[in-house]
Amino acid sequence: MAVTATDVGIGDALIDPALCDTPGMMTHPGLPTAWVWGVAAIAVAMFLWNAAAPVAGRAAGFNAWSAIPRGRLGRGIREWLLDATLPILRTPWLLLTLRLLVATLFIMVIAAGLFGTPIPERNLATVLTWNLWWTGLVFAVFFVGSAWCAICPWEAIAGWITRRHPWGRGRADGSLGLRVPRMLRNVWPATLMFIGLTWLELGMGITTSPYATALLSLFMVVLATASALLFERSAMCRWFCPVGRTVGLYSTLSPVALRPLDAEVCARCETLECYHGDDRIAPCPTHQVMGRMRENTDCTSCGNCTQSCPQANIAWRWREPGREALDAARPRVDTAWLMVVLLALTGFHGLTMMPFWEPTLRDFAHRIGDSGQLLLSFSVALSLALLIPLIVYTGATTLTRRLLGNGAEPGRVFSTLAFACLPLAFSYHLAHNLNHLLRETGDLPVLLANPLGQGALPLSEAEHYLRYLNPGLPQDGLFLFQSSLLVLGLWLAVRIVRRRIGSLLGRTGGVAPVNGAVARWRNVPMLGFVTGVTLYHLWLLAHPMIMRM
Amino acid sequence: MPPRLPTLMMLLSTWLLCAPVQAHHVLGRPAYALSEDSNTPPSMAMETQIGDYFVTMMAFPAFPRPGETARVNLYARRIEDGAPFTGEVAFSLRDDTWLPASEEPIGTQPVDDNVFRQGFIISEAGEYIVTARFHAAGQPYVIDFPMRVGDPASVTPLVVAGGVVLSLLVGVNVAQRRRIARRRARVHPARSATGDGGA
């Protein structure tokens, strides 16, 4: 290092562009007032109607999915799709090609982050990771469930290193194959990592640093490799991966999933190739038996079961969205915590992108004497953002338990009703990310042509405005999607509350599941919770949101 | 009009017109910006809050070449009343590495139109930290500002990640060999004792 001081003349300083070229903040417009009042009125009406209606038993309740006519045409289309796709899904080539493609992009991300320009909007690492993948992932779950996990580059690279084979079983001695210790067989590690990821993203600002993005990518692939080398099957996917666990939970709401074509075939099966694999195909990475699988949470859609089933009985199936969250999924305390954390953090994401966030944080930091990047202040805010929804949710479940009056265990009520948090988090996540996805993912072909951003200049004000003016969807269409998502999320959450409270009444005994006169007030605390969260999300969407880059 | 007034007006309008840095919710991280009205290279700015002061540092150009003249400007104002800091600011430079070499002083600058300006030339490509130090009301203030000179290549993370994976692979391989040896010893104790692999 050799540094020499030089003079800076007064005249030179007066034309110094560094004093006046800092760009202004660009914001996504918030929902117009008419939309806000419309959604708020629907939310309040849903609360009132459901508070007055009796708690639904397992057989009661309106099922919109079942109202869709399923005639000969529908069956014909389904069978045609199945005939066309199943042979492709039963070979490893499609998945292998997609995995290679995604792994190549992933390696490009690492290379661009380490060796490319530090200008975030001109570097493939930041744009592809945060603007496209991170925001688009939740949309992928909406359409294709947990399919992302099947082509995830972390797991693909870890698998290639461990098995030393592009697909299938590969070398059996590549991993120690240890069982995951009992204390780690839950989603707490993933929950903590998800909170950590949020801290890195919003507190440290990793989304604007290509270098830090590359470091995180390397860390995740090393973690996946270490897990694959030490533990049996895919312990990373099942227990540790914050993205995989989030995708898994959200995919319980998805309208598609890998499932048996004929349940009877699975019931008669004695060899369980889906669980054990066969000579050629590896076993299920998360220990699932397809014939007994009730929820999509742990399925990574890897396709091993589709390829190994000798009866060709596993394929992508349509199903009623949210069916698992309604009544099929088994409540677990650790998973319930992750659902509440997901709900809290999606709202927190929106809050940190409000124009008032930074001045408020600065003010708080000044009061407590925090300096620099204000990480202490941010950490306090993050903790509060986690704590407040948790306290409110716990209060609502405690009240519900008292109103149930049948001695249901607090942990059981907490974990059973947490499924109502999922559609709320998912719908707001989608509505929030629509802005990012439609206005901030431009120039991808240019970035792919110059992934390192060599010689590229920062985004100019004119380019900022162009992105702002061309969201790729009419503005009113965007508002319609955002409003509809909030309403749909609330609708599903209300159905889950009613159905799950019905199941708590029915299973624990004491009171009949369907008893309007007695039961109608029992769901009020949880209905108040889901309506309140929806109104909070609506309030967030009503504000302009600052663009990420 | 007094001669200093245009300068003050320009500075005032600059601060009124320029919104906070582009990295919307992240204080203390640099943001790159492009001047629309000139053909000058991009600059880099960072806002941060420290003690009683709100500090803005700007570097021009954002990515100086080795041997090229670069400038850092610093503006500090009190959070309470917006009064600018008018003392002296000392600038120094160090490598931005895990084990940095000793810090080199660049210079100490008096205030000039409420801004502290330091020009310098760095002869070697690399990642650096420019540090600004000042004292106000008996309290020391230190602000770090990252700066990239030239196109430094960083292979350290790749080497570290590769090293960790390689160590794990070797460890697993050794453990597997021991497992196999133990298994053979259980199945063929005599052969194992004589060192016969039993091929």
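Computed from a predicted structure; not experimentally measured.
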For chain B, the option from A:Thr162, A:Ile161, A:Leu215, A:Ile110 that forms the most heavy-atom pairs under 4.5 Å: A:Ile161
Winner by heavy-atom pair count (cut-off under 4.5 Å) against chain B, out of A:Leu375, A:Val222, A:Leu230, A:Asp370: A:Val222
4.5 Å side-chain heavy-atom contact, B:Glu127 and B:Pro146: no
pair A:His349-A:His436: side-chain heavy atoms closer than 4.5 Å: no
Separation of A:Ser371 OG from A:His366 NE2 (nearest 0.5 Å): 10.0 Å
Distance, nearest 0.5 Å, that separates CE of B:Met57 from CG of B:Leu74: 5.5 Å
Geometric class of the B:Phe116/B:Phe85 ring pair [parallel <30°, tilted 30-60°, perpendicular >60°]: tilted
Quick check on [X] against chain A: is it the side chain, the backbone, both or neither that has a heavy atom closer than 4.5 Å?
X        : answer
B:Ile180 : neither
B:Ile79  : side chain
B:Val172 : both
B:Leu169 : both
B:Gln109 : neither

Results of ring-ring contact (aromatic ring centres under 6.0 Å, His included) for A:His543 - residues two or more places apart only: A:Phe356, A:Trp539
Most chain A-contacting option - heavy-atom pairs closer than 4.5 Å, from B:Tyr141, B:Phe63, B:Phe120, B:Tyr53: B:Phe120
Contact leader toward chain A among B:Gly107, B:Pro61, B:Pro157, where contacts are heavy-atom pairs under 4.5 Å: B:Pro157
Salt bridge B:Arg65-B:Asp151, side-chain N to carboxylate O under 4.0 Å: yes
Residues in residues 130-140 of chain B that sit under 4.5 Å from chain A, counting heavy atoms only: none
Within the distance-only criterion (no hydrogens, no angle test), does the side chain of [X] pair as donor or acceptor with the backbone N or O of [Y] below 3.5 angstrom?
X        : Y        : answer
A:Gln373 : A:Met204 : yes
A:Ser175 : A:Gly177 : yes
A:Thr129 : A:Thr126 : no

Atom group of A:Phe219 that falls short of 4.5 Å from chain B, counting heavy atoms: neither
Validation row, ring centre A:Trp357 to ring centre A:Phe348 under 6.0 Å: yes
